[in-house]
Amino acid sequence: MKRVRAAALCFLVCIALAGCGGKVNPKLMYQPVTGPSESCPASFTVVQFDLKVDDSQVGETSDGEGIYTDDDIADWVSSALNSELQDNQCMSLIHDREYYPISDFIILGSVDKLWVHQRSMTDYEAELALTVTLKKGDQAISTETVQGRVERTVVPGKDVVRALLEEVLQDVMRTVVPKILVRAENAK
């Protein structure tokens with residue numbers, strides 16, 4: 001009887017440890033944070049951002065395991081910017097390539113850095129860097145690299161990395177979107 005209990009306890013411990021150390025594969029999600037504004041100064045076309053980072057690995061756990069996503073990182077960032085503009089009462093569309101649309105401005109960009117580092121079981125940091133260019137016709141009005149960084153001590157859980165990635169993107173959008181709106185207003 002003692003052997004059965006010991007075997008059952010050992011089995012439960014193995015299952016618990018396997019659940020805690022499983023593959024980290026966050027879903028990329030986004031909830032707008034900058035709007036709504038009173039009015040939008042212009043209409044925009046967001047061109048799908050270029051990806052200058054690995055297209056699937058977004059970080060590393062404290063034991064050296066990779067953190068991967070199955071989602072399209074460039075689409076996640078482009079869609080987030082488009083959502084922010086729409087939340088600010090702007091007419092905004094996404095296209096996969098640059099062309100001369102009927103909108104007032106074109107927004108181009110690249111994802112230069114996206115990384116989550118799990119320093120310990122409860123300590124994480126996430127970093128994101130985007131380069132964003134605002135154009136009117138074929139003339140660039142501004143190009144800027146914006147960086148965000150989030151550090152958190154958290155209760156371990158399956159959605160920690162997803163939440164950190166969303167938070168670091170929101171942090172960058174809080175900087176990027178108001179600048180785009182002001183520069184568009186000034187360039188009209």
key: Trace of the side chain to side chain contact (heavy atoms under 4.5 Å, CB included) decision for Thr143 with Thr131   = CA-CA 7 Å; Thr143 298; Thr131 298; 3.8 Å; yes

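- Looking at Ser78, its side chain does come within 3.5 Å of a backbone N or O of Phe49 through a donor-acceptor pair.
- In this structure, CG on Asp50 lies 11.5 Å from CG on Leu130, to the nearest 0.5 angstrom.
- Here the CD atom belonging to Gln139 is positioned 12.0 Å from the CD1 atom belonging to Ile106, to the nearest 0.5 angstrom.
- Proximity of a side-chain donor or acceptor of Trp76 to a complementary backbone N or O of Met29 within less than 3.5 Å is detected.
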request  = Report the C-alpha distance between Asp55 and Ile73 in whole Å, list the side-chain angles of each, state the deciding distance to 0.1 Å, and finish with yes or no for side chain to side chain contact (heavy atoms under 4.5 Å, CB included).
outcome  = CA-CA 7 Å; Asp55 66 350; Ile73 296 166; 5.7 Å; no

query = How far apart are the C-alpha atoms of Leu114 and Leu165, what are their side-chain angles, what is the distance that settles it, and do they pass the side chain to side chain contact (heavy atoms under 4.5 Å, CB included) test?
reply = CA-CA 8 Å; Leu114 177 61; Leu165 288 168; 3.6 Å; yes

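- To the nearest 0.5 Å, atoms OG1 (Thr69) and CG (Leu28) are separated by 3.5 Å.
- Side-chain N or O atoms of Ser43 include one that pairs as donor or acceptor with a backbone N or O of Asp104 at under 3.5 Å.
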message = If you apply the rule side chain to side chain contact (heavy atoms under 4.5 Å, CB included), what do you find for Ile141 with Phe105, and how did you get there?
response = CA-CA 10 Å; Ile141 294 170; Phe105 295 93; 3.3 Å; yes

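- For Tyr124 and Gln118, the side-chain atoms include at least one donor-acceptor pair closer than 3.5 Å.
- Glu125 places no side-chain N or O within donor-acceptor distance of the main-chain N or O of Arg149, the cut-off being under 3.5 Å.
- Under a hydrophobic clustering in which Ile, Leu, Val, Met, Phe, Trp and Tyr are joined whenever their side-chain heavy atoms come within less than 4.5 Å, directly or via other members, Tyr68 and Val58 fall into different clusters.
- Residue Ser62 holds its OG atom at 10.0 Å from CG of Asp123, rounded to the nearest 0.5 Å.
- Atom CG of Leu128 and atom CG of Leu164 lie 12.5 Å apart (nearest 0.5 Å).
- The local environment of CD in Gln147 is sparse, with at most 12 non-hydrogen atoms from other residues, nucleotides or ligands closer than 6.0 Å.
- We find the CD-CD1 distance between Glu185 and Ile180 to be 14.5 Å, quoted to the nearest 0.5 Å.
- Residues in residues 171-184 take part in these salt bridge (Lys or Arg N to Asp or Glu O under 4.0 Å) pairs, two or more places apart or across chains: Glu144-Lys179, Glu144-Arg183.
- Asn88 places a side-chain N or O within 3.5 Å of a backbone atom of Glu84 that can act as its donor or acceptor partner.
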